[in-house]
Amino acid sequence: MKAVNIASGSKGNCTLIQSNLATILIDDGLSVKNLEEKLKQININPNSIDAILLTHEHSDHIYGVKSFLKKYKNAKVYIPSFAQNYYISSIMTLPIQQVEWYTNSDFFIKDVTISSFILPHDSHFCVGYSLYVGNNKITVATDLGFTSADTLKNLAGSDILFLESNHDVELLKRNVKYTAQLKKRILSNNGHLSNVACAEALISLVKTGVKQAILCHLSEENNTPELAYNTVKTLLQRQGIIEGEHICVDVAFQNQVGTLFNF
C-alpha cells in the first residue's frame, strides 16, 4: 500500500493512495496536464486511476475532476449521496455514467474498504476518508474548523494521517490582505484547522497509535512549512511526545509531490 500527497493548498489538492489492486485519488484540484506531470514523477499511469473520492465541492478540490473524467473514462468519481440534496453545478454536470453516489455505510473499490465521515466546513458537504487494506489504515482529513470527539474517533489508529494544519493564528490576524469577515470565517468552527489545533489533535491521536502525520492544506499567506512543522513539534514535545520517536511529522506542499510512504 502506498500513499503520497500530490498537491496541497488553496491552489489545488490531490492525494494518491494505491493498494495492490486499486489506485485512488482523494480530490483533484489540478489541471489534467499538471496532474499528469505529477503522476509521472511517481511512475503512476493516469489510465490506472480507478476512482476520485471527493471531500467537498470547493474548486481547489474539484477543479480538474470533470476534465480528468472526460479524458480517462475508466475512472469514476465517488460523492456522498446526501450531496444530491444540493444543486451544485460543478458536481451535477459531471458525466453521470462515471459518478457513484455512496451512502454513509462503508463501500469498496477492489481490495480497499472505504469509510467516510462528516467534517465541519463551510461547504454544502465535507467529508474525510479512511481507507483500509488488511490491518492498514490511511486517513485524509483536510478543510475542517475543529476536531470533534467524533472526528478524533475516525482519525484514531491511522497508520498514516493526512491532517490539515492551515494557518498560524497570529499571522492570520495580522494579515492586512484579508478582510475581517474572511478572518472570522477561517477561524470559525466551520473554517480551517490552525497549527495549534492540529498539534492538539495529534497529542490525543498519538495515544491511539498514529505514527505518521502529514501536515496538509497550509496557507501560503498565513503559514509556512517550517512554522507548521516547528509549532506541531514543539507542542508535542511539551507533552513528552518526541517527533521522530513517538510520531513522525511530515509536511505536504502546494507545488511539489510530497513524501511517498510505503507499507
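Because the structure is a prediction, the values reported are computed rather than measured.
At distances below 3.5 Å, at least one donor-acceptor pair connects side-chain atoms of Glu164 with backbone N or O atoms of Leu193. Side-chain atoms of Lys183 come within 3.5 Å of backbone N or O of Lys173 as a donor-acceptor pair. Judged by distance alone, with hydrogens and angles left aside, the side-chain atoms of Asn5 form no donor-acceptor pair with the main-chain N or O of Gly258 at under 3.5 Å. A distance-only check finds no donor-acceptor pair linking the side chain of Ser158 to the backbone of Leu161 [under 3.5 Å]. Checked by atom type and distance alone, the side chain of Asn222 never pairs as donor or acceptor with a backbone atom of His167 at under 3.5 Å. Between the side chain of Gln237 and the backbone N or O of Glu243, no donor-acceptor pair lies under 3.5 Å. Looking at Thr234, its side chain never comes within 3.5 Å of a backbone N or O of Thr231 through a donor-acceptor pair. For the pair Asn166 (side chain) and His192 (backbone), a donor-acceptor distance under 3.5 Å is absent. No side-chain donor-acceptor contact under 3.5 Å links Gln18 to the backbone of Ile24.
From Asp111, atom CG reaches atom CG of Leu21 across 4.0 Å, with rounding to the nearest 0.5 Å. To the nearest 0.5 Å, atom CG of residue Leu182 and atom CG of residue Asn175 are 8.5 Å apart. Atom CG of residue Leu16 and atom CD1 of residue Ile6 lie 4.5 Å apart, to the nearest 0.5 angstrom. Rounded to the nearest 0.5 angstrom, Gln239 CD and Ile203 CD1 are separated by 4.5 Å. Rounded to the nearest 0.5 Å, atoms SG (Cys14) and OH (Tyr63) are 14.5 Å apart. Leu35 contributes atom CG, which lies 10.5 Å from atom CD1 of Ile44 (distance to the nearest 0.5 angstrom).
In Lys73, the NZ atom is crowded: over 12 heavy atoms of neighbouring residues, nucleotides or ligands sit closer than 6.0 Å. Counted within 6.0 Å of CG on Asn135, heavy atoms from surrounding residues, nucleotides or ligands total 12 or fewer; the atom is thus considered open. Remark: Asp106 CG is packed, more than 12 non-hydrogen atoms of other residues, nucleotides or ligands lying under 6.0 Å away. Surrounding CD of Gln97 are more than 12 heavy atoms belonging to other residues, nucleotides or ligands, all under 6.0 Å away.
No donor-acceptor contact under 3.5 angstrom links the side chains of Asp60 and Ser10, judged on distance only. The closest side-chain donor-acceptor pair between Asp250 and Thr259 falls under 3.5 angstrom.
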Give the intermediate values and the outcome of side-chain contact (heavy atoms from CB on, under 4.5 Å) for residues Leu152 and Leu205. CA-CA 7 Å; Leu152 290 173; Leu205 291 167; 4.1 Å; yes

List the steps, then state whether side-chain contact (heavy atoms from CB on, under 4.5 Å) holds for Leu172 with Tyr178. CA-CA 8 Å; Leu172 174 61; Tyr178 280 35; 3.7 Å; yes

Determine, step by step, whether Thr23 and Asp50 satisfy the side-chain hydrogen bond (donor to acceptor under 3.5 Å, both in side chains) criterion, reporting the C-alpha distance in whole Å, the side-chain angles of both residues, the deciding distance to 0.1 Å, and the verdict. CA-CA 6 Å; Thr23 303; Asp50 296 292; 4.6 Å; no

Criterion ring pair (Phe, Tyr, Trp, His ring centres under 6.0 Å) on Tyr102 and Tyr78, from CA distance to verdict: CA-CA 7 Å; Tyr102 67 83; Tyr78 287 73; 7.0 Å; no

Would Thr113 and Val133 count as a side-chain contact (heavy atoms from CB on, under 4.5 Å) if you check the C-alpha gap in whole Å, the side-chain angles of each, and the deciding distance to 0.1 Å? CA-CA 7 Å; Thr113 303; Val133 175; over 6 Å; no

Derivation of the side-chain contact (heavy atoms from CB on, under 4.5 Å) call for Leu218 and Gln254: CA-CA 8 Å; Leu218 274 65; Gln254 180 67 87; over 6 Å; no

side-chain hydrogen bond (donor to acceptor under 3.5 Å, both in side chains) between Tyr86 and Glu57, intermediate numbers included: CA-CA 11 Å; Tyr86 311 99; Glu57 81 279 5; over 6 Å; no

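Nearest heavy-atom pair, Asp143 versus Cys126, reported as atom, atom and distance to 0.1 Å: O-SG, 3.5 Å. Residues Thr55 and His61 approach most closely at OG1-ND1, 3.5 Å, considering heavy atoms. Across every non-hydrogen atom of Ser130 and Lys137, the tightest pair is OG-CE, 3.4 Å. Asn136 and Asp159 get closest at one heavy-atom pair: CA-OD2, 3.2 Å. Between Val127 and Pro80, the shortest heavy-atom distance links the atoms CG1-CG, 4.3 Å. Closest approach of Asn13 and Ser8 over heavy atoms only: OD1-CA, 3.4 Å.
In the hydrophobic clustering of this structure, Leu235 does not group with Ile242; members are Ile, Leu, Val, Met, Phe, Trp, Tyr whose side-chain heavy atoms approach within less than 4.5 Å, directly or through other members. Leu187 and Leu171 fall into different hydrophobic clusters, where Ile, Leu, Val, Met, Phe, Trp and Tyr residues are linked whenever their side-chain heavy atoms come under 4.5 Å apart, directly or through other members. Placement of Ile42 and Ile160 within a single hydrophobic cluster is found when ILVMFWY residues are connected by side-chain heavy-atom separations under 4.5 Å, directly or transitively. Using a 4.5 Å cut-off between side-chain heavy atoms of Ile, Leu, Val, Met, Phe, Trp and Tyr, with links allowed through other members, Tyr72 and Leu54 fall into the same hydrophobic cluster. Both Leu202 and Ile241 sit in one connected hydrophobic cluster of ILVMFWY residues. Membership requires side-chain heavy atoms under 4.5 Å apart, directly or through other members.
Side-chain contact between Leu144 and Thr151: present, with at least one pair of heavy atoms (C-beta onward) separated by less than 4.5 Å. By the 4.5 Å heavy-atom criterion applied to side chains, Ile214 and Val251 are not counted as neighbours.
One finds a salt bridge joining Lys76 and Glu100 here, because a Lys/Arg side-chain nitrogen approaches an Asp/Glu carboxylate oxygen to under 4.0 Å. Salt-bridge annotation for Lys71 and Glu36: present, with a side-chain N of the basic residue lying under 4.0 Å from a carboxylate O of the acidic one.
For Phe117 and Tyr129, the gap between ring centers reaches or exceeds 6.0 Å. In this structure, His56 has its ring center closer than 6.0 angstrom to the ring center of His121. Ring centroids of His58 and His124 are separated by 6.0 Å or more, keeping the two rings apart.
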